[in-house]
Amino acid sequence: MPETKLYIKGSNSLTKLAEEFCRDIGNQKMSVFQPLYIITQTEGMNSWLKTQMAERAGIAANISFLKPNDLINKIYYLLGGQYQKTLSRLDIQWLIYGTLDNEGFKRHFPHVASYYHKDGLIDNIKRIALARQVADLFDQYQVYRYEMLEKWNHEAQTTRDPEEKWQLTLWNIIRNKAGVQFPDKATIRHSIFDNLNRKEAIDSLAAAMPAIYLFGTSLITGYHHEILLGVSQHIPIYVYLPNPAPGIYWYEDPGRKSLFYQRKKKQEPDTTAQGNSLLTDWGKLTQNTFRLFFKDDSTINNYEDFEEVVDANTLLGAIRNTIHRHETPEKNYFTAEMLNDHSLTIQSCFSPLREVEALYNFVIKLLNDNPQKYSLRDIIVQVTDINKYASYIRAVFDNAPFRLRYEIADESLIASDSISQALYSILTIEQGDFTSENVLQLLDYSTIRDHFRIYDSGLIRRVVSAANIRHGIKGDQADDTVYVSWDYGLRRIMYGICMSDETEIGTGDSSFFPVDMVESSAAGEVVHFVSFIEKLIHSIQERDTLRTVTEWVQYIYEVLDNLLADRETETDNEYQLINNQLQEMISSGNLFDEKISYAVFLRQFLPTL
């Protein structure tokens, strides 16, 4: 077997890892036209790593950041895989959705079908919900239990559990439907190892991907590790992992079992055997990743540590030192001076907004007290859920007396005033929700205001109030709701702009009085608003028909063009991300041509935003 070229480097300092990473890149001597493939887990890490590379090399360009699954798909394709696209979770969802309505499946597995099929009627919302859950399960099987799927591919059941039988049957039905177009991960794995025996395939991979770099803690499974180990026999793979305790083999955790046994026997527990609980509790992902890589002896031989000396004279340094040595601190280890040195502070705030305000004050004080030691580039803020805090961060930092430059990473597309959030709000508003307030709230999105050139929201609200628009698109003459509907109110507004007085127009129940309250200079914005409402109503009314997935994607494009942005001229990165998601939906729709309702399509599309 060829010698492995899998090199692992660990350090308790990300900066040292970045230094080694940049040094290894420089030693590769690759062409400037050769993409650099780096595998990371988050956008925040991508941004930080590019900054580190630019500071050390003077430039950071032609970088392709990938997730672990994307890397495997890229390797498969470069080695001569037949298809560039692989079977995605979205593909699996639509295939399962169609198969769940298969008469043979419903007949053989009535206990499964009873969830969404009762009294001869299909509940399609329940069917798509079940399809999503099962697709997620199958996607995890492909990564974590690929050996089981390999047996399933030969219709071999691995247990006697009756629950496995219907899953096995469902898997093979969708696999047979999609197998001729997109391979599953088990097929990809077989294809990669088969092609690694062909010299021309290896040469093709090495030419396009001379080296692979994994930086930071990524979710690496046995599936990824096995393929990386096979590929590393032909091209170098460098893995840079944060290791809080380099030099100590802390990847196994016998301490807890020992303590449990001692307590069971009523013995005095030996706490030294436990090590440092912060390290073992917070470092599970790192611990599992190292344990996975160290299964192979040759990988252990290729492991290097790069330690940073820890200053144990402060409270934070002392805690880091105990982690570094994997020891439980002794009693009175932390001195009174340490406990008051402010190197580690805990603040309790009554709301997320107050947390961000406290953060801003802390950063300002830190920079003022240490102008030579710290800059904004040295500060990283981590939160539990960035989507929860993003709007507060913008509100505080953008309106503070002293503006600080910042960047928010890994934020969901629909978590801010964006095209995605505006699209989400438009797609989820229904005829039953068509109140004046719900519709006017759409003008809070700058994308909509800019597209229709509406800049005076206060004027629009006054006009809508004067027209007595309250609820409903058309209303009903029988209960007089027609007189508070959008259709009736918009007619009053438009006639008021065109006429110079408020003389009654028409006779009987269909008569109305124009709303004459807009000066000629402001009439343009009101006309633009009326155009927006008419296009919005038209888009809602278009949802009543059944369409294929591809046809619903075309509907989304029409909504974007009519209400948000022109696809021919839009260059915003976020719009391109939405476009990529829609193209992915079209690819999945090629596997599934059943006509579905808007509600079913929306349940699939909205999570992609």
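We're numbering straight along the sequence, starting at 1.
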Donor-acceptor pair, [X] side chain versus [Y] backbone, under 3.5 Å?
X      : Y      : answer
Arg547 : Trp552 : no
Asn562 : Lys535 : no
Asn172 : Trp152 : yes
Glu430 : Gly432 : no
Asn197 : Phe193 : yes
Gln34  : Ala208 : yes
Asn302 : Leu6   : yes
Gln28  : Ile25  : no
Ser204 : Glu200 : no
Asp139 : Ala135 : no

I'd like to check [X] versus [Y] (side-chain heavy atoms, cut-off strictly below 4.5 Å). Are they in contact?
X      : Y      : answer
Gln93  : Arg89  : yes
Leu241 : Leu214 : no
Asn124 : Tyr116 : no
Phe65  : Asp70  : no
Tyr76  : Ile227 : no
Phe21  : Lys9   : no
Ile426 : Ile448 : yes
Asn153 : Trp171 : yes

Between [X] and [Y], does any side-chain donor sit less than 3.5 Å from a side-chain acceptor?
X      : Y      : value
Asn579 : Tyr557 : yes
Asn580 : Gln576 : no
Glu164 : Thr158 : yes
Glu163 : Trp166 : yes
Asp123 : His117 : no
Thr40  : Asn46  : yes
Ser114 : His111 : no
Asn438 : Thr435 : yes

(request) Tell me whether the centres of the aromatic rings in Tyr238 and Phe215 are closer together than 6.0 Å. (result) no

(message) Ring centres under 6.0 Å, that's the criterion: do Tyr146 and Tyr141 meet it?
(response) no

Inspect the contact between [Y] and [X] and indicate whether a charged nitrogen and a carboxylate oxygen are less than 4.0 angstrom apart.
X      : Y      : answer
Lys295 : Glu226 : no
Arg127 : Glu594 : yes
Arg189 : Glu150 : yes
Lys199 : Asp203 : yes

Looking only at heavy atoms, what is the nearest atom pair of [X] and [Y], with distance?
X      : Y      : answer
Val383 : Tyr389 : CB-CD1, 4.0 Å
Gln431 : Asp544 : NE2-OD2, 4.5 Å
Leu228 : Ile237 : O-CD1, 3.4 Å
Ser425 : Leu442 : CB-CD2, 3.7 Å
Leu196 : Ile202 : O-CD1, 3.0 Å
Ile125 : Arg603 : CG2-NH1, 3.8 Å

(request) Give me the ring orientation class for Tyr249 and Phe294: parallel if the planes are under 30° apart, tilted from 30 to 60°, perpendicular past 60°. (result) parallel

(request) Measure up the Tyr240 and Tyr213 rings against each other and bin them: parallel (under 30°), tilted (30 to 60°), perpendicular (over 60°). (result) parallel

(request) Find out whether the Lys NZ or Arg CZ of Lys185 is both under 6.0 angstrom from the six-membered ring centre of Tyr223 and within 45° of the ring's axis. (result) no

Would you say [atom1] of [X] has more than 12 non-hydrogen atoms from neighbouring residues, nucleotides or ligands within 6.0 angstrom?
X      : atom1 : value
Lys67  : NZ    : yes
Asp194 : CG    : yes
Lys595 : NZ    : yes
Arg145 : CZ    : no

(message) Please determine whether ring pair (Phe, Tyr, Trp, His ring centres under 6.0 Å) holds for the pair Tyr303 and Phe290, giving the CA-CA distance in whole Å, both sets of side-chain angles, and the decisive distance to 0.1 Å.
(response) CA-CA 10 Å; Tyr303 174 68; Phe290 272 107; 5.7 Å; yes

(request) Start with the C-alpha gap between Leu546 and Ile596, add the side-chain angles, then the distance that decides, and say whether side chain to side chain contact (heavy atoms under 4.5 Å, CB included) holds. (result) CA-CA 5 Å; Leu546 298 178; Ile596 59 175; 5.9 Å; no

Would you compute the distance between atom [atom1] of [X] and atom [atom2] of [Y] and round it to the nearest 0.5 angstrom?
X      : Y      : atom1 : atom2 : answer
Asp487 : Ile533 : CG    : CD1   : 12.0 Å
Ser446 : Ile419 : OG    : CD1   : 9.0 Å
Leu606 : Leu602 : CG    : CG    : 3.5 Å
Ile578 : Ile556 : CD1   : CD1   : 10.0 Å

(request) Give the C-alpha distance, both sets of side-chain angles, the deciding distance and a yes or no for ring pair (Phe, Tyr, Trp, His ring centres under 6.0 Å) between Phe592 and Trp94. (result) CA-CA 6 Å; Phe592 175 76; Trp94 286 122; 5.3 Å; yes

(request) Test side chain to side chain contact (heavy atoms under 4.5 Å, CB included) on Leu79 and Ser191 and set out the steps. (result) CA-CA 8 Å; Leu79 282 171; Ser191 175; over 6 Å; no

(request) Take Ser539 and Glu558, measure what side chain to side chain contact (heavy atoms under 4.5 Å, CB included) needs, and give me the verdict at the end. (result) CA-CA 8 Å; Ser539 73; Glu558 291 173 1; over 6 Å; no

(message) Run Leu205 and His234 through side chain to side chain contact (heavy atoms under 4.5 Å, CB included) and show every step you take.
(response) CA-CA 9 Å; Leu205 174 65; His234 307 282; 5.8 Å; no

(request) Verify ring pair (Phe, Tyr, Trp, His ring centres under 6.0 Å) between His225 and Phe293, making sure each step is shown before the conclusion. (result) CA-CA 7 Å; His225 174 254; Phe293 279 120; 5.5 Å; yes

(message) If we check side chain to side chain contact (heavy atoms under 4.5 Å, CB included) with Ile212, which of these qualifies: Ile235, Ile38, Leu66?
(response) Ile235

